[in-house]
Amino acid sequence: MHVTNPALRILRDAIDITRAPFSDRGSRLLLSKYADNDRLYIKLAERLTAIQPGIDTYRFRPPYIQDLCFIDKEGMPLAYRLTTYPHALLFETRLGEFAIAFHKGDTLAVGVPPGVPAGIRFRVSTQMWQQDADGGSLKGVRNLAYRTNGTVLRNELGLEREAYLVEFVVDGGDDVAIHLNIRSDLALDGAPVPFSQTLDAAETRWGSWFDRVPPVLARYRDKYLYSWWVMGSNLVGPSGWVKHEAMMPSKVDYVGIWNWDACFHALALRHVDPKLAQDQLRTMLDCQLPDGMVPDAVYDEAVISRIEHPLRAEVTKPPIMAWAAMKLHQMAPDLAFLKEIYVPLVRWNAWWFGMNDDDADGLAQYNHPYSSGLDDSPLWDEGMPVESPDLNTYLCVQMGSLAMMAEALGMDAEGAMWRRRAAAMVRRMIEDFWDEEAGLFRALHNNQPIPVATPFNLYPIWTGQLPQHIRDRILAHLTNPDSFWGEQVLPTVARNDPKFEPGTMWRGPVWANINYIFVEALRQIGEITLADTLCQKTLDMIMAQPGVHEYYNADTGAPPGTAAGTFGWTAAVFIDLALQSSQAAGLNVPQVQEAQP
């Protein structure tokens, strides 16, 4: 196969489908390879809670299609040598080359070697079977059609291990394809086309995606393009509660659209498609609750706004949407978009103070640990609720962004009000949270300081409004190799804290989005050299590992086994930081400007 697009050629074999599934922009189908054999499987990036209830049961659901293999005319499985591209998979066998590409979001096309009889065999579980104490159930999962534009030589259907076993052999002929169409309804695709048409369209589609990408320095190029593949591959089309094209953090591990993830995703997407970047925020705001809360997540079938574990409470995510919206506006000015989202964001801001300030002291609290986004942080070990410096810093930054938004919309008095409120919050955080002896801001539970040191105890530096002596103490913590600085930065718990666990989610590992926030905070207070160093350390850490991961071990820099792969905001942060670094080095990085009335 001749590939013409330079980005697609660079990404040849960069995608390991045993860890990073082959998918396509808009699709909810995921094709992967078993790690220990040549067989393939297809999972669905869908929760299907109507069939299998539970907040994360989708992670443990078996593949929809299992043990997919290529076969000869006698039905013997064929070994292959695999070559991967973003737009296609090539399988070189003793009969010739099979290939797979997306024909549509719900349809995978298998190209058959020309001139020889060959086909595929697979097991498909179209029903979810469950035995209960008082009986059992058989629930329909999805509908499947398999068809070809070639001549069918054998079409066998049987039962094996509670699944249908399909063996489908066709005459290779000229430009023959087998389509696998998977849908929730009965409108199955019945018109396979020659495989070359599917392949050409897939290369054009992905080539167009990469052609819009701004340039970066050569040393970032390969991981940068891989990150753009992650961004495109994790997009899904509108369905149910998801009203716009939106990006999942990971189609494997985080099925749905998450609140603050959407904001980080938008930071990267603004460089190629401002409207798509805006739609990440719209997807969440469209699901705003009547009381003003923006929910934790949304997926096809439902909105997640309350979670039962580790306690029952409403769940949202950190309020950074106004901050993200202003970053979009600064690159691609759009007053109509600001007008559209301003009131919903004001209502969300009011919800934080109206429903999450039990002692009415002007500082908001977390009532559920998941609302912080830092699910298992030791900041919550003492119990809930917690008044935390990170939340109130987010709200301060949010109100500063609302001020800019109001002023852009001609509401100068309202903008001045937001600035006064933001400044008052900084004063309150100093009064209530600042620990002069420790030199950091303490989170409080039952008005008692929580004895743990994390970057979130340094967060108020992001406000840009701290007195010099407090700023200096925070910088001393940040640059101290015994606590936060070092080869891998920034750990999410200080290295010298008893609760530091370098590989356990939010209890020590490095998260790229938190580094991004500190890079911005340092730049806005004039610590340019330190910001550039943190930026480069973040880029180097991500480039040192294959793939793009949810978080990284704070001692080794390697992704722990529990960290999700092909992770959205790590890709987004890498993209934005690589562009920042390239621009600082003198590379001309085009800035999108699509001014709107």
Side-chain angles (χ1 to χ4, degrees), residues 3-15 20 25 85-87 205-235 247 263-274 276-277 280 324 327-328 330-332 489 510-520 522-523 528-549 552 557 559 565-594:
V3 178
T4 60
N5 185 275
L8 298 180
R9 291 202 303 269
I10 289 167
L11 291 173
R12 173 182 169 135
D13 285 332
I15 302 163
R25 177 175 177 175
Y85 291 96
H87 69 295
R205 185 168 63 249
W206 276 101
S208 176
W209 174 256
F210 287 112
D211 285 346
R212 302 190 68 178
V213 167
V216 292
L217 294 173
R219 66 176 178 266
Y220 303 134
R221 185 197 65 180
D222 290 8
K223 187 67 71 176
Y224 177 74
L225 291 176
Y226 184 90
S227 295
W228 277 115
W229 170 73
V230 170
M231 299 294 295
S233 184
N234 276 334
L235 286 165
M247 185 176 158
C263 298
F264 288 107
H265 298 162
L267 297 183
L269 293 172
R270 65 185 168 142
H271 294 291
V272 296
D273 189 337
L276 181 60
Q280 307 314 297
K327 284 189 173 291
L328 305 189
Q330 288 158 5
M331 178 167 284
V489 292
V510 177
W511 289 72
N513 65 319
I514 304 306
N515 285 10
Y516 184 94
I517 286 170
F518 275 95
V519 169
E520 176 169 295
L522 292 168
R523 285 193 175 138
I528 305 303
T529 301
L530 185 57
D532 290 346
T533 302
L534 177 56
C535 175
Q536 192 58 54
K537 281 178 171 287
T538 305
L539 293 168
D540 288 344
M541 176 190 70
I542 297 170
M543 287 190 294
Q545 304 296 330
V548 171
H549 301 273
Y552 297 81
T566 61
F567 196 70
W569 77 29
T570 306
V573 163
F574 185 89
I575 287 166
D576 205 69
L577 291 181
L579 286 166
Q580 289 181 31
S581 182
S582 299
Q583 193 168 23
L587 185 67
N588 182 23
V589 177
Q591 299 295 299
V592 177
Q593 288 289 336
E594 295 186 4

Determine whether H265 and N234 make a side-chain contact, defined as any pair of heavy atoms from C-beta on separated by less than 4.5 Å.
no
- Item | Chi angles and distances behind the side chain to side chain contact (heavy atoms under 4.5 Å, CB included) call for R25, R205 | CA-CA 9 Å; R25 177 175 177 175; R205 185 168 63 249; 5.7 Å; no
In short, Y552 meets P559 closest at the heavy-atom pair CD2-N, 4.2 Å
Taking V489's backbone N and O only, do any of them form a donor-acceptor pair with N515's side chain (distance below 3.5 Å, no angle check)? yes
**Request:** Taking the side chain as every heavy atom from C-beta outward, state whether P86 and I15 have any atom pair closer than 4.5 Å.
**Result:** yes
Could you check if a side-chain atom of M543 sits within less than 4.5 angstrom of a side-chain atom of D222, using non-hydrogen atoms only?
-> no
Practice task
Measure the acute angle between the ring planes of W209 and W206, then classify it against the limits of 30° and 60° as parallel, tilted or perpendicular.
Solution key: perpendicular
Look only at the side chain of R523 and the backbone of E520, and say whether a donor-acceptor pair between them is shorter than 3.5 Å.
no
For A571, the side chain to side chain contact (heavy atoms under 4.5 Å, CB included) test, sequence neighbours excluded, returns S227, V230, M231, V548
Measuring only between side-chain heavy atoms, which start at C-beta, is F264 closer than 4.5 Å to I517?
yes
Exercise for review: Keeping the roles fixed (side chain from K223, backbone from I575), state whether a donor-acceptor pair exists under 3.5 Å.
Suggested key: no
(message) Is the ring pair Y226/W229 parallel, tilted or perpendicular, if the boundaries are 30 and 60 degrees?
(response) tilted
Practice task
Look at the side chain of Q280 and the backbone N and O of L276, then say whether any donor-acceptor pair between them is shorter than 3.5 Å.
Solution key: yes
*Check whether the side chains of Q536 and D532 place a donor and an acceptor atom closer than 3.5 Å, and report yes or no.*
no
Rounded to the nearest 0.5 Å, the CZ atom of R212 sits from the CG atom of L269 at a distance of 10.5 Å
Q: Test side chain to side chain donor-acceptor pair (under 3.5 Å) on S581 and Y220 and set out the steps.
A: CA-CA 10 Å; S581 182; Y220 303 134; 2.7 Å; yes
Taken to the nearest 0.5 Å, the spacing of L534 CG from L577 CG works out to 8.0 Å
Looking only at heavy atoms, the pair that brings L579 and P214 closest together is CD2-CB, 3.8 Å
In short, I542 meets A512 closest at the heavy-atom pair CD1-CB, 4.1 Å
dist Y85:OH -> L11:CG (nearest 0.5 Å) comes out at 10.5 Å
To the nearest 0.5 Å, atom CH2 of W569 lies from atom CD1 of I514 at 6.5 Å
Heavy-atom nearest pair, A20 first then T566, reads CB-CG2, 3.3 Å
Heavy atoms of L539 and A578 approach each other most closely as CD2-N, 3.7 Å
The side chain to side chain donor-acceptor pair (under 3.5 Å) partners of Y224 (sequence neighbours excluded) come to W228
Taken to the nearest 0.5 Å, the spacing of W511 CH2 from F567 CZ works out to 5.5 Å
- prompt: Between R9 (side chain) and T4 (backbone), is there a donor-acceptor pair under 3.5 Å?
  reply: yes
Taken to the nearest 0.5 Å, the spacing of T538 OG1 from Y516 OH works out to 11.5 Å
Scanning both residues in full, the closest heavy-atom pair of G565 with H549 reads CA-ND1, 4.0 Å
Report yes if some heavy atom in the side chain of H87 is under 4.5 Å from a heavy atom in the side chain of N5; otherwise report no. no
